[in-house]
Amino acid sequence: MLSAASALDAVFAPRAATFAYRARHAAIRYLRSIPNATWFFRVAIPRQPFAARHVRHLLDAISCKVDDPGFLDYLRDLFLSDAVAFELGASELSRGLPQESELTSTLLNIFFDPVDREVMTIREEVHKKNPRVKDESVLHTPVRVYAVRYLDEIMVVTSGSKMLTLEVRDRILTVLQDLEVKVDRFGSSVHSAVSEKMEFLGMEFQAVPPSVLHPPLSEKAKRARKMYLKRKAAEAQELKNARETRRKKLGLKILNHLFKKVRRGHEFEFDFRIEDEVRHEFKGWAEETVVEYFKSQDHSRYWHRLFTSGDFLSLNRVRDQLPPALVDSYDKLEEALDRFLMPRRGYAMPEDEERLAEEEDERQYEKRIVEDLTELKMRVNAPIELVRKAVKLAGFTNSMGRPRPIKLLLCLDDADIIKWYAGVGRRWLDFFCCCRNFKMIKIVVSYHLRFSCFLTLAEKHECTKRQAIGHYTKDLKVTNEDGVAEAYFPTEREIKMMGDKNLSDPKPVDGALTMILVRLAVDDTSLPCLAHFCTGTDTTLYRIRLLQNRLNVDPLNEKKWVQGLSAIHESLNKKCLPLCSMHASDLLLGKITLQDIDCTQFVDVV
């Protein structure tokens, strides 16, 4: 299947639309950059199997570019044998779940290519009718249509009227009807981007003024910042004074030593004249001292006032009675005083500095008001309520929202327990790193998951939570086979420094959260590792335990399950698989998924 996907990508990927993304974070960053959004809608496709009628449209689209009947028959046989089977409108696509084929994303991009072409046509028509005004003195917001498609999820944003947005929606739904895809017209309603939120790709989008995304500093924060800068300046001055003091003490010691040598009658022979070197050094120190002294505008103003006050040589009747050479010398002195001691423009008095700071604050305030009235930015938030519900559903917290142990993990080694918690936590952190409320996700990982891990380890070793924290430290460090302490769980400092920096496309947390690997007490090293391209035979047997089977909950029941949270197919529950130590660690940490495991070679263990 990978070879078929590579062949199709080579043909169709260069023709793909720019808004047909293959990475969630790239699509989210594009949506976040959309300016002045006024209306948006999401094409709601209800859950439906990719049936024979859809396969017919897909193969017709492929046959237009690929003249290979044998290859088309191969793709048709994959669908007939259910080797490639998926559902439109489902939440299991591109989440690393074993029931999804590597060929699915490529086939979906080809299938929805007519929708992309229609959107591109709409955008070109809107751009021609509404050109951008090139006059910078005129505040003009052009009408634009923006679209994002990730597999079968489509979101359209406009900066125009609602009637234009309705027209765009109707044209897109018409193309989907031609592809025989069922669409929920009520769920595809047009919403206001300013007053309503839109859920897309597992996150919430809303257009807000710029001041909401970048709020100004409060008075308390400003005072704290001034105190911080003042403290840093004082520390820098103290360090400078300490260096000067050490330099002076060193110079005095050298001079004292030389003076004692001379008094005792010792003679010094040098190949060069030391007087010139000493004179050069002292001249440099003197110039540095003078320059540093006159950097202060108060000092310059004070000496300028002393030198220029009460001068009688500025009177014309006095100047006429004096020799010209004296008058010229006085004028040169005045020019030198004004050049070196007169406070230059740009250096203000303390009261002038306060006035300039107030004027700058007023200008910034006016600029923020104008931006809030004329601009809109897209805000991206993580669905924190759904995250908390998932934390509670998986058993990290009790009914009161406090961390609790997961007793199913007690049979694992300490390192494997920490790795499983680390895999869930890192996937959440990596997936929601581009959200505005990323701080709330950090709290969930740093508090709920971390202390649930502590409680699980304490339950296993029959000790208290305080003893577990003392043994593993707050960073959950565990000793490996070589006796080196390793930290698999993200440390508090690491979580604090995390942000929207990396351009990655991590897998969602679904596959790691809804599955627990239970180690079996079976010592059989003859079984090979089931990870792809692994030839290791020193393996350990693990049993897959699924969350929905432990809770006896149907994942399609949104009232008892978490909305948008997918689940591994229940046929894999209690299946056993041998894994080597490296791939078992990678699977627990979330570095690989069950798609990287040969699920056809599972072992039957009673």
Side-chain angles (χ1 to χ4, degrees), residues 23-25 27-29 91-92 94-97 199-205 380-397 401-404 406 409 416-456 474-476 487-517 546-548 555 561-568 585-594:
R24 288 183 178 87
H25 279 194
I28 291 168
R29 285 182 174 87
S91 59
E92 290 86 2
S94 187
R95 294 177 182 260
L97 304 184
E199 185 177 350
F200 183 68
L201 295 180
M203 302 181 191
E204 298 175 350
F205 295 84
V380 184
N381 276 346
I384 192 63
E385 293 300 328
L386 295 181
V387 172
R388 289 172 178 167
K389 186 177 179 180
V391 167
K392 183 179 178 180
L393 182 70
F396 294 112
T397 59
R402 297 176 180 176
R404 60 178 294 270
I406 298 180
L409 297 173
D416 290 343
I417 294 175
I418 297 175
K419 288 176 183 179
W420 185 81
Y421 277 96
V424 176
R426 288 189 181 276
R427 282 204 182 184
W428 253 324
L429 292 171
D430 293 340
F431 186 75
F432 291 114
C433 68
C434 57
C435 295
R436 176 67 180 171
N437 59 346
F438 185 46
K439 183 178 179 180
M440 304 300 295
I441 304 298
K442 292 180 179 180
I443 294 175
V444 170
V445 175
S446 184
Y447 172 64
H448 293 91
L449 268 66
R450 186 186 302 275
F451 280 90
S452 176
C453 184
F454 280 129
L455 292 172
T456 302
K474 293 193 69 175
D475 295 333
L476 283 169
Y488 300 102
F489 199 90
T491 63
E492 292 184 347
R493 180 177 179 81
E494 184 181 355
I495 293 175
K496 184 178 180 180
M497 299 301 293
M498 283 184 177
D500 188 13
K501 300 296 182 182
N502 52 346
L503 290 172
S504 62
D505 185 40
K507 296 292 183 182
V509 75
D510 308 42
L513 183 67
T514 59
M515 178 189 70
I516 291 179
L517 291 180
L546 299 182
L547 179 63
Q548 66 267 25
W561 196 253
V562 181
Q563 181 182 357
L565 180 67
S566 58
I568 300 173
S585 176
D586 291 343
L587 187 59
L588 289 168
L589 288 172
K591 296 180 180 180
I592 62 174
T593 64
L594 287 180

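For the numbers below, each heavy atom of this structure counts, side chains included, while hydrogens, waters and symmetry mates do not. Keep in mind that what you see is a predicted model, and the values were worked out from it rather than measured.
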Nearest heavy atoms of [X] and [Y], plus distance in Å:
| X | Y | value |
| --- | --- | --- |
| S446 | I495 | CB-CD1, 4.0 Å |
| N437 | A382 | OD1-N, 2.7 Å |
| P508 | R24 | CD-NH1, 3.7 Å |
| F432 | G202 | CE2-O, 3.9 Å |
| P555 | W561 | O-CD1, 3.5 Å |
| I406 | A394 | CD1-O, 3.9 Å |

Taking [Y]'s backbone N and O only, do any of them form a donor-acceptor pair with [X]'s side chain (distance below 3.5 Å, no angle check)?
| X | Y | answer |
| --- | --- | --- |
| K442 | M498 | yes |
| Q548 | I568 | yes |
| T491 | D475 | no |
| H25 | F431 | yes |
| W420 | L409 | no |
| R450 | P490 | yes |

Item to complete: Starting from the C-alpha separation in whole Å, work towards a yes-or-no answer on side chain to side chain contact (heavy atoms under 4.5 Å, CB included) for C434 and M203.
Response: CA-CA 10 Å; C434 57; M203 302 181 191; 4.2 Å; yes
Practice prompt. I would like to know whether L594 and M515 meet side chain to side chain contact (heavy atoms under 4.5 Å, CB included); could you show each step before the answer?
Written response: CA-CA 10 Å; L594 287 180; M515 178 189 70; 3.7 Å; yes
Worksheet item: Are more than 12 heavy atoms from other residues, nucleotides or ligands located less than 6.0 Å from atom NZ of K392?
Response: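 Atom NZ in K392 is not crowded, with 12 or fewer foreign heavy atoms closer than 6.0 Å.
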Any heavy-atom pair between the side chains of [Y] and [X] that's under 4.5 Å?
| X | Y | result |
| --- | --- | --- |
| I418 | C453 | yes |
| F200 | I28 | no |
| R427 | L589 | no |

Roughly how far, to the nearest 0.5 Å, is the [atom2] atom of [Y] from the [atom1] atom of [X]?
| X | Y | atom1 | atom2 | value |
| --- | --- | --- | --- | --- |
| K419 | K591 | NZ | NZ | 9.0 Å |
| R388 | F396 | CZ | CZ | 15.5 Å |
| L476 | E492 | CG | CD | 9.5 Å |
| T397 | K389 | OG1 | NZ | 13.0 Å |
| R436 | N381 | CZ | CG | 8.5 Å |
| D510 | L565 | CG | CG | 4.5 Å |

Worksheet item: Charged N to carboxylate O under 4.0 angstrom, R426 versus E494?
Response: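 Yes, this pair counts.
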Item to complete: Tell me whether the centres of the aromatic rings in Y488 and Y421 are closer together than 6.0 Å.
Response: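 Judged by ring-centre distance (under 6.0 Å), Y488 and Y421 do not meet the cut-off.
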Fill in: Identified side chain to side chain contact (heavy atoms under 4.5 Å, CB included) counterpart of T514 within the set V562, V509, L547, V424
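Filter result, single survivor: L547.
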